[in-house]
Amino acid sequence: HTTLKRGYAKGYVIKKEKDTIFGSIKMNGRFVLSDKINIITKNGTESSYDPKELIEFKINDRTYHNVQIKNKLKQLVEMINGEISMYRDLKKGQSYLTKDFEEFIDVDKKEKYLELFKDKPKIYKRIIDNEYKYFEIRSIVSLYNNAPQQQL
C-alpha cells in the first residue's frame with residue numbers, strides 16, 4: 001500500500017462493542033499475538049489495544065479472530081474464508097472449521113469435521129473414499145468451497 005508510512009501496515013480492529021476502526025497499524029518487526037496493536041486512523045487518532053480485547057483484527061492480508069471454543073478464548077488466524085472457513089490456532093497449531101461462526105470444529109483424527117461436507121454428496125464421497133487424507137484439509141476445504149451447490 002503506497003500511502004502507508006514505513007513501519008505501518010493497513011488494517012482494522014473490531015472492538016467488543018462491534019465498532020470497527022480502520023487505519024494504519026504500527027509494526028515493530030514481525031507481529032506477535034502478545035503485541036499491543038497500535039492503530040492510527042485517517043484523521044490521526046492513535047489508539048492501542050490488547051489483541052485479546054478485540055473480536056477481530058486484520059493486519060495486511062491476515063485476519064485474526066478471538067473465538068470462544070469450549071469456554072476458552074482462542075486467537076485464530078483465518079486460513080480460508082468461504083462456505084466452510086478454516087482457522088488455525090497459531091499457539092497450539094490446531095486447525096478448526098466452521099460454517100456458521102458459532103461452532104468451530106477441531107480438525108483431528110476423530111473426523112467429526114467431515115459432517116460439514118455432507119451437503120455436497122459428490123465431494124463428501126470423494127473425501128471419504130480416501131482420495132484425501134487428514135493432513136490435506138486445506139485442499140478438502142478448497143474443493144468443497146469451489147464446488148457448485150449440488151442439485152437435489
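Heads up: numbering here begins at 1 and tracks the sequence. If you're wondering where the values come from, they're calculated on a predicted model, not measured in any experiment.
Under the salt bridge (Lys or Arg N to Asp or Glu O under 4.0 Å) criterion, Lys70 pairs with Asp106, sequence neighbours left out. Under the side chain to side chain donor-acceptor pair (under 3.5 Å) criterion, Ser95 pairs with Arg88, not counting sequence neighbours. Legend: residues meeting side chain to side chain donor-acceptor pair (under 3.5 Å) with Thr41, ordered by chain and number and at least two apart, are Asn43. With sequence neighbours left out, Glu115 forms a side chain to side chain donor-acceptor pair (under 3.5 Å) with Lys118. Every residue meeting the salt bridge (Lys or Arg N to Asp or Glu O under 4.0 Å) condition with Asp129, not counting sequence neighbours, appears here in chain and number order: Lys125. In this view, Glu78 satisfies the salt bridge (Lys or Arg N to Asp or Glu O under 4.0 Å) rule with no residue, not counting sequence neighbours.
Atom CD1 of Ile128 sits about 8.0 Å away from atom CG of Leu114, to the nearest 0.5 Å. Between the CG atom of Leu116 and the CG atom of Leu97 there is a distance of 6.0 Å, given to the nearest 0.5 Å. Interatomic distance, CD1 of Ile80 versus OG of Ser139, reported as 8.0 Å (0.5 Å rounding). Atoms OH and CD1, from Tyr113 and Ile127 in turn, are 8.5 Å apart once rounded to the nearest 0.5 Å. The structure places OG of Ser47 at 9.5 Å from CD1 of Ile40, a figure rounded to the nearest 0.5 Å. Once rounded to the nearest 0.5 Å, the distance linking OH of Tyr96 with CE of Met79 reads 14.0 Å.
Considering all non-hydrogen atoms of both residues, Met86 and Ile137 come closest at CE-CG2, 3.5 Å. In terms of heavy atoms, Ser48 sits closest to Asn38 at OG-OD1, 2.9 Å. The shortest heavy-atom contact between Thr63 and Lys58 is OG1-CD, 3.6 Å. For the pair Ala9 and Asn60, the tightest heavy-atom approach, listed with the atom from each and the gap, is CB-OD1, 3.4 Å. Contact record, Asn66 with Pro51: ND2-O, 2.5 Å, taken as the closest heavy-atom pair.
Hydrophobic cluster membership differs between Ile37 and Ile14, with clusters built from Ile, Leu, Val, Met, Phe, Trp and Tyr side chains linked at under 4.5 angstrom. When hydrophobic clusters are built by joining Ile, Leu, Val, Met, Phe, Trp and Tyr residues whose side-chain heavy atoms come closer than 4.5 Å, directly or via intermediates, Ile55 is not grouped with Phe101.
Taking a cutoff of 4.0 Å between a charged side-chain nitrogen and a carboxylate oxygen, Glu56 and Lys18 do not qualify as a salt bridge. Contact check on Glu46 versus Lys26 returns no salt bridge, with no Lys/Arg side-chain nitrogen under 4.0 Å from an Asp/Glu carboxylate oxygen. For the pair Asp89 and Lys72, the salt-bridge criterion is not met [side-chain N within less than 4.0 Å of a carboxylate O].
Although no hydrogens or angles enter the test, the distance criterion places a donor-acceptor pair under 3.5 Å between the side chain of Asn145 and the main chain of Ile84. In this structure a side-chain-to-backbone donor-acceptor pair under 3.5 Å is present from Asn146 to Ser142. Checking side-chain atoms of Ser85 against main-chain N and O of Gly82 turns up a donor-acceptor pair under 3.5 Å.
Residues Ile69 and Leu76 form a side-chain contact, since some pair of their non-hydrogen atoms from C-beta on lies under 4.5 Å apart. Between Leu73 and Val67, every side-chain heavy-atom pair lies at or beyond the 4.5 Å cut-off. Within the 4.5 Å cutoff, the side chain of Gln75 has no heavy atoms near those of the His65 side chain.
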**Request:** Go through Glu53 and Lys15 one step at a time and tell me if the side chain to side chain contact (heavy atoms under 4.5 Å, CB included) criterion holds.
**Result:** CA-CA 7 Å; Glu53 298 170 345; Lys15 301 189 312 186; over 6 Å; no

**Asked** Would Phe22 and Tyr12 satisfy ring-ring contact (aromatic ring centres under 6.0 Å, His included), going step by step from the backbone distance to the final call?
**Response** CA-CA 4 Å; Phe22 292 91; Tyr12 63 78; 5.5 Å; yes

**Audit row: Ile59, Met27, side chain to side chain contact (heavy atoms under 4.5 Å, CB included) steps and yes/no** = CA-CA 9 Å; Ile59 300 174; Met27 301 300 290; 3.7 Å; yes

**Item:** Derivation and outcome, side chain to side chain contact (heavy atoms under 4.5 Å, CB included), residues Asp50 and Lys36
**Value:** CA-CA 5 Å; Asp50 181 326; Lys36 285 274 189 205; 3.7 Å; yes

**Request:** Give the C-alpha distance, both sets of side-chain angles, the deciding distance and a yes or no for side chain to side chain contact (heavy atoms under 4.5 Å, CB included) between Tyr49 and Ile21.
**Result:** CA-CA 11 Å; Tyr49 299 96; Ile21 301 167; 3.2 Å; yes

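Side chains of Asp119 and Tyr144: a donor-acceptor N/O pair is present below 3.5 angstrom, by distance only.
Lys74 forms no cation-pi arrangement with Phe104, by the criterion of a distance under 6.0 Å to the ring centre and an angle within 45° of the ring axis.
Aromatic rings from Tyr64 and Phe57 are positioned such that their centres are separated by under 6.0 Å.
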